[in-house]
Amino acid sequence: MGKKKAPLEDVLLRPKSDRRLLAHVPDPTRQRSGVDRRDNKQSDANRPQYATFAGQRYHVNLPVKIIVNGKTIAGTCSDISQTGMLIHLKKDTDLEHLEKDQHVKVKFHLTEGILQEGTEKRYRIGATIVRLVDGCADVAVHFDMTLYENRKRVVDTSLFTLAAFCLLAVTVIIILMRSESILYFQTNALLYGYSIVTATFLLTRYLFGMLYRPIPIDPEYTPSVTIVIPCFNEEEWISRTILSCIDQDYPPEKLEFVIVDDGSSDRSVEVIQKTVNDLCREGARYGLQNRIRCFFQKENQGKREAMGLGIRNARTELIAFVDSDSFLEPDAIRHLVQPMKDPKMGGVAGRTDVANTYTNNLTKLQSVRYYVSFRIMKAAEAYFDSVMCLSGPLSCYRLEYVREVFDKWLNQTFMGQKATFGDDRSLTNYIVEHHRTYYQDTSICSTIVPNRHKVFLKQQMRWKRSWLRESLKAGRFMWKKEPLMSIFFYFGLLIPLIAPFIVIFNLVYIPLTMNVFPSTFLLGLLMMALMMSFAQLILKKSSLWAHGLLFCMYYEFVLLWQMPWAWITFWVSDWGTRGNKKKKEKKKKQAPSQDAAASG
């Protein structure tokens, strides 16, 4: 037997902990302000979303040069934010050339993974020395402008112009190619009809995605929210998830938390209990003891049962769900609830970025795919108030609407079997049938994605099965929705189902029977891939944009061929990753003996 591969360690940004666990929660005693004292540009409405909390510092090990009075001083940056950095000088004697309030130039190169996507480049930026530490030769500097302002001024204008031109060129080429399909439609209606429909569908997705705008914040609108965190075997991430959910820039009396451990066999229960106890001690002034409830189930019953336990125990106007390996930005909830000002709005999805983007090429591919899926595809659906999947990492519903469909959703069956995955898409279906759903791009969380192909492919197969099941169900009522949205929905269902046949016809049948190289088909695939990549470059300004091309190839030659298998096994209810183990062995529990023991 071959040796089992050791788990691959994920690479994440390393934020520097604040001395307070709840640095962003508004202080009800008004003893401290929530204003970021390091950021003098807090009123800048044009800042990228990742720079909202510009003073957040990150651990790094970055070579830096300080230029002062014609002299270059070498050092190493140990922590950095959008607004400044702490530099350790290589020579103690170099402190003699520096003094407090002195203006200097700082040179450094931010590579991928040091700060958020979109910050990577070489910098030469003015800064003021704000602190000198003689004993350890440390120098703290405050930049003349935040890093995102510097990049915008130096790079973004030319980058945006180039990317926009390329995106326009790609769009024109696609339109011209589809015009050819119209001319030859009579010779092969299926093939050329598919080409026309596919191009129309994708181009309109990008068009409406670009037209989409998130709902702006109304500071006076702060409805009460219960955040439910279902957990299964997430001892590595659950503490960070809980902390990010509680440390929200939102009135603390309006937030409650329900944490449900679904029969974990690792140390998740122990970690949850310790995290909650630490938070309750730290957050006594916020009344956390009365706002956090934990439930520990003896047996693993599935995510849907864990979510259901949270729904039963919610006591607020809205209910939000956060996956146990997802981490919220400090203003995520404040942004997430804004579309709910519309009384007809039933649910809202936040944006999910990839937390472990820089682990390997697979996670980089997923990072591009996630961004385009949310910022373009979900945004296009939001344009019609009909987002078809309020994703598990961060979503919000009107609680009264959820309770109206609760029993049907909780006890949902498919072909006589209890539905055990696709919980979020299924709940969305029940809500979107009678209510509006939206996507709020400014409500951001990040999630851990698979870093190995085997796990990733199992996840994708599970998602395809749930997509197929729930899309077939949604097809029974989507025709009642806005006409254009309905057409897009049915096109979006048809295209992936036919795609494998089209690929075989173009890449196998035509070359073998007609001795013709499929250059037109391959050019069309390239254009679609470039459109995805340039959209990523324009909107996120990330150096990973070229991975959009790689992802499209990965999709065409790997992921696409899961679809036929999903058709003939879409009734299978096993998770693929943890379901088999659950059937084969009885887990040893570390959870408390009571089925739903409250703590905290």
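The residues of the chain are indexed from 1 along the displayed sequence.
Taking NZ from K105 and CD1 from I66, the interatomic distance works out to 13.5 Å, rounded to the nearest 0.5 Å. Taken from CD in Q248 to CD in E329, the straight-line distance is 9.0 Å, to the nearest 0.5 Å. Atoms CZ and CG, from R425 and L468 in turn, are 10.5 Å apart once rounded to the nearest 0.5 Å. If you take CG on L147 and CG on L110, they are separated by 6.0 Å, rounding to the nearest 0.5 Å.
Here F374 pairs with nothing under the ring pair (Phe, Tyr, Trp, His ring centres under 6.0 Å) rule; sequence neighbours left out. Checked against ring pair (Phe, Tyr, Trp, His ring centres under 6.0 Å), Y383 has the following partners two or more places apart in sequence or in another chain: F208. By the side chain to side chain donor-acceptor pair (under 3.5 Å) test, T357 is found to be paired with S367, residues two or more places apart in sequence or in another chain being considered. Taking the ring pair (Phe, Tyr, Trp, His ring centres under 6.0 Å) definition, one finds that Y123 meets it with F108, sequence neighbours left out. Partners of K107 by side chain to side chain contact (heavy atoms under 4.5 Å, CB included), not counting sequence neighbours, listed by chain and number: K65, I67, R124. With sequence neighbours excluded, the residues that form a side chain to side chain contact (heavy atoms under 4.5 Å, CB included) with L457 are Y554, V558, L559, Q562. With sequence neighbours left out, the side chain to side chain donor-acceptor pair (under 3.5 Å) criterion links T359 to D10. Scanning for ring pair (Phe, Tyr, Trp, His ring centres under 6.0 Å) contacts around F551 gives an empty result, with sequence neighbours left out. Applying the side chain to side chain donor-acceptor pair (under 3.5 Å) test to S533 and every residue at least two apart in sequence or in another chain returns nothing. By the side chain to side chain donor-acceptor pair (under 3.5 Å) test, N360 is found to be paired with T363, residues two or more places apart in sequence or in another chain being considered.
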- Please report the C-alpha distance between Q116 and T119 in whole Å, then the side-chain angles of each, then the deciding distance to 0.1 Å, and finally whether the side chain to side chain donor-acceptor pair (under 3.5 Å) criterion is met. CA-CA 6 Å; Q116 297 90 339; T119 56; 5.3 Å; no
- Could you check K458 against F456 for side-chain contact (heavy atoms from CB on, under 4.5 Å), going step by step and ending with a plain yes or no? CA-CA 5 Å; K458 286 182 177 180; F456 174 67; over 6 Å; no
- Message: Between L427 and D423, is the side-chain contact (heavy atoms from CB on, under 4.5 Å) condition met? List the steps.
- Response: CA-CA 6 Å; L427 184 55; D423 314 299; over 6 Å; no
- So T442 and H335, side chain to side chain donor-acceptor pair (under 3.5 Å) or not? Walk me through it. CA-CA 6 Å; T442 52; H335 283 277; 2.9 Å; yes
- Show the numbers, then the answer: is there a side-chain contact (heavy atoms from CB on, under 4.5 Å) between I80 and C77? CA-CA 7 Å; I80 187 172; C77 171; 3.9 Å; yes
- Item | D353 vs K540, salt bridge (charged side-chain N to carboxylate O under 4.0 Å, His left out): CA-CA, chis, key distance, verdict | CA-CA 11 Å; D353 288 340; K540 203 170 188 183; 3.7 Å; yes
- Step by step, would you call K378 with D441 a side-chain contact (heavy atoms from CB on, under 4.5 Å)? CA-CA 9 Å; K378 284 194 193 300; D441 186 63; over 6 Å; no
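No side-chain heavy atom of K464 sits under 4.5 Å from any side-chain heavy atom of W565. Side-chain atoms of L530 and L549, non-hydrogen and from C-beta on, do get closer than 4.5 Å to each other. When side chains are defined from C-beta on, R205 counts as touching F488, because their heavy atoms get closer than 4.5 Å. Taking 4.5 Å as the limit, some side-chain heavy atom of T447 sits within range of a side-chain heavy atom of Y370. Two residues are said to be in side-chain contact when any heavy atoms from C-beta on lie closer than 4.5 Å; T76 and I87 fail this criterion. Within the 4.5 Å cutoff, the side chain of W237 has heavy atoms near those of the L12 side chain. Under the 4.5 Å side-chain criterion, counting only non-hydrogen atoms from C-beta, P511 is in contact with P518. The side-chain heavy atoms of D385 and T437, taken from C-beta on, include no pair separated by under 4.5 Å.
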Give every donor-acceptor pair under 3.5 Å between a side-chain atom in residues 495-510 and any protein atom, sequence neighbours left out.
residue, atom, partner, partner atom, Å
N506, ND2, I502, O, 2.8

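Ion pair K303/D424 flagged as a salt bridge, since at least one NZ, NE, NH1 or NH2 atom sits closer than 4.0 Å to an Asp/Glu carboxylate oxygen.
Judged purely by distance below 3.5 Å, without hydrogens or angles, the side chains of S471 and W467 pair a donor atom with an acceptor atom. Side-chain contact, D247 with H24: a donor N or O sits under 3.5 Å from an acceptor N or O. Side-chain contact, S542 with E117: a donor N or O sits under 3.5 Å from an acceptor N or O. With 3.5 Å as the limit, one finds no donor-acceptor pair spanning the side chains of S386 and E381. Using modelled atom types, one finds no donor on one side chain facing an acceptor on the other under 3.5 Å when comparing N150 with Y148.
When the shell of 6.0 Å around OH of Y490 is examined, it contains more than 12 heavy atoms from other residues, nucleotides or ligands.
Minimum heavy-atom separation, D249 to R334: O-NE, 2.9 Å.
Applying the salt bridge (charged side-chain N to carboxylate O under 4.0 Å, His left out) definition to pairs two or more places apart or across chains, those involving residues 357-374 are E112-K364.
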